[in-house]
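Have a look at the structure below before the remarks.
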Amino acid sequence: MTKRLESKYKINRRLGVNLWGRAKSPIGKRAYGPGQHGQRRKQKPTDFGIQLMAKQKLKGYYGNIGEKQFRKYYEEAVRRKGDTSETLIELLERRLDTVIYRMKLAVTPFAARQFVNHGHITVNGKRLNIPSYIVKDNDQIEVKEKSKQLTAVLDATQSGERDVPEYIEIDHRAMRGRFLRAPKLSDVPYPVQMEPNLVVEFYSR
């Protein structure tokens, strides 16, 4: 089993934060790491440890992206002009599974990835089952007609846990929306503080 398939709540406990801001997270009751050594006293983190934690939080938030793929996002962000940390966030927010999550068509990033994998989504009228597909400005994303009445989708659209951000447009009745523009870090509704600048420092050591 890959790290990607770990229990998302174990990720929460290992990082010590309610990463997705969900009421179901056990972090409030067990604010220590998972496993038999989870309650050991923590040592003061080093600069490396702080940078590593920032990277693990960002990777974990987007459905526990694999290290190889995550590093490619960093390398692409470096290659592009502008602030590397802002560009890294933009690339992650342009992932198709992230857009589905932001549209409230899935309750978690993990569910959004599975939803895309199973072929329930079209982009500009074409069926796409690649969660890492990079969505462009004004791309139209729609749930396939046969999938619009799935219980998981209906439950997600009615969830009050979070709101749809301003850089996303969605009509939940039609199950259709658009990615309007690239967000800045300050636009992204993270439930916890993200520090992509520390992620850049981690990889640029």
Side-chain angles (χ1 to χ4, degrees), residues 3-6 8 11-12 15 17-22 54-77 80 84-124 126-144 147 152-153 156-157 159 161-172 175-196 199:
K3 287 185 178 180
R4 177 175 295 181
L5 297 177
E6 284 181 314
K8 53 185 172 292
I11 296 172
N12 270 359
L15 296 174
V17 294
N18 187 352
L19 199 54
W20 301 279
R22 300 210 69 201
K55 185 194 74 159
Q56 298 294 62
K57 277 168 59 179
L58 203 58
K59 278 178 59 178
Y61 180 84
Y62 289 97
N64 222 15
I65 296 172
E67 177 61 26
K68 186 176 180 180
Q69 187 176 38
F70 193 76
R71 189 179 184 94
K72 284 184 178 180
Y73 286 125
Y74 162 74
E75 291 171 350
E76 176 62 19
R80 296 189 182 190
T84 301
S85 59
E86 289 278 358
T87 305
L88 176 61
I89 295 301
E90 176 186 334
L91 290 169
L92 292 168
E93 285 293 310
R94 284 185 182 276
R95 283 176 57 100
L96 180 56
D97 56 357
T98 303
V99 175
I100 294 304
Y101 176 63
R102 292 285 179 233
M103 287 180 165
K104 290 180 63 176
L105 297 175
V107 292
T108 67
F110 300 88
R113 179 178 295 148
Q114 186 178 54
F115 195 58
V116 176
N117 268 329
H118 289 180
H120 296 296
I121 295 296
T122 66
V123 178
N124 299 327
K126 295 182 180 179
R127 178 177 170 271
L128 263 178
N129 62 354
I130 304 169
S132 61
Y133 174 83
I134 298 298
V135 175
K136 300 177 184 65
D137 289 1
N138 293 312
D139 273 357
Q140 182 168 287
I141 295 98
E142 185 172 3
V143 178
K144 288 178 63 179
S147 308
V153 182
T157 61
S159 170
E161 285 188 338
R162 55 197 169 86
D163 297 320
V164 177
E166 291 182 358
Y167 51 93
I168 299 283
E169 182 181 82
I170 180 68
D171 178 347
H172 282 140
M175 297 289 184
R176 182 190 307 119
R178 287 190 303 145
F179 184 90
L180 300 177
R181 60 175 176 83
K184 299 291 185 183
L185 174 61
S186 58
D187 296 328
V188 183
Y190 293 120
V192 298
Q193 184 181 8
M194 291 295 182
E195 300 166 299
V199 179

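Hydrogens, waters and symmetry mates play no part in the numbers below; they use all other heavy atoms, side chains included. Quick caveat, the model's predicted, so the values are computed rather than measured. Numbering starts at 1 and runs along the sequence shown.
- A distance of 10.5 Å separates CD1 in Ile170 from CG in Leu180, rounded to the nearest 0.5 Å.
- Salt bridge present: Lys59 and Glu67 bring a charged side-chain N and a carboxylate O closer than 4.0 Å.
- Between Val99 and Ile168 the shortest side-chain heavy-atom distance falls below 4.5 Å.
- Listed for the Lys104 side chain is no donor-acceptor partner under 3.5 Å among the backbone atoms of Glu161.
- Counted within 6.0 Å of CD on Glu166, heavy atoms from surrounding residues, nucleotides or ligands total 12 or fewer; the atom is thus considered open.
- Interatomic distance, CG of Leu91 versus CZ of Phe70, reported as 10.5 Å (0.5 Å rounding).
- Remark: the backbone N or O of Arg127 is not paired with any side-chain donor or acceptor of Lys144 at under 3.5 angstrom.
- Counting only distance, with no hydrogens or angles, the side chain of Glu86 and the backbone of Leu185 share a donor-acceptor pair below 3.5 Å.
- If you take OG1 on Thr98 and CD1 on Ile65, they are separated by 6.5 Å, rounding to the nearest 0.5 Å.
- Of the possible polar contacts, none joining the Arg102 side chain to the Pro189 backbone as a donor-acceptor pair under 3.5 Å is found.
- Nearest approach of Ser132 to Gln69, heavy atoms of both residues: CB-NE2, 3.3 Å.
- Salt bridge annotation for Arg94-Asp137: present, with a cationic side-chain nitrogen under 4.0 angstrom from a carboxylate oxygen.
- Looking at heavy atoms from C-beta onward, Thr157 lies in side-chain contact with Leu105 at the 4.5 angstrom threshold.
- Annotation: the span from Thr108 atom OG1 to Phe115 atom CZ amounts to 12.5 Å, rounded to 0.5 Å.
- Between the His172 side chain and the Met103 main chain, a donor and an acceptor come within less than 3.5 Å of each other.
- Put simply, the side chain of Leu58 reaches to within 4.5 Å of the side chain of Ile89, judged on heavy atoms.
- The cationic atom of Arg162 (NZ for Lys, CZ for Arg) lies less than 6.0 Å from the six-membered ring centre of Tyr101 and within 45° of the ring axis.
- Here the straight-line distance linking atom CD1 of Ile121 with atom CD1 of Ile100 works out to 3.5 Å at 0.5 Å rounding.
- Taking all atoms of both residues into account, the shortest heavy-atom contact from Val116 to Asp97 is CG2-CA, 4.2 Å.
- The minimum heavy-atom distance between Tyr190 and Glu93, with the atom names listed, is OH-OE2, 4.2 Å.
- Not one N or O on the side chain of Arg80 forms a donor-acceptor pair closer than 3.5 Å with the backbone of Thr87.
- Closest of all the heavy-atom pairs between Val153 and Ser147 is CG2-O, 4.1 Å.
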Glu76 and Lys72: CA distance, side-chain angles, deciding distance, salt bridge (Lys or Arg N to Asp or Glu O under 4.0 Å) verdict: CA-CA 6 Å; Glu76 176 62 19; Lys72 284 184 178 180; over 6 Å; no
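- In terms of heavy atoms, Ala54 sits closest to Glu195 at CB-O, 3.9 Å.
- The minimum heavy-atom distance linking Tyr61 with Pro191 is given by the pair CE1-CD, 3.8 Å.
- By the 4.5 Å heavy-atom criterion applied to side chains, Tyr73 and Leu92 are counted as neighbours.
- The backbone N or O of Gln140 lies less than 3.5 Å from a partner atom in the side chain of Asn124, making a donor-acceptor pair.
- Taken from CD in Glu169 to CD1 in Ile141, the straight-line distance is 10.5 Å, to the nearest 0.5 Å.
- At least one side-chain heavy atom of Asp187 sits less than 4.5 Å from a side-chain heavy atom of Arg181.
- Side chains of Tyr133 and Asp139 form a contact here, defined as non-hydrogen atoms less than 4.5 Å apart.
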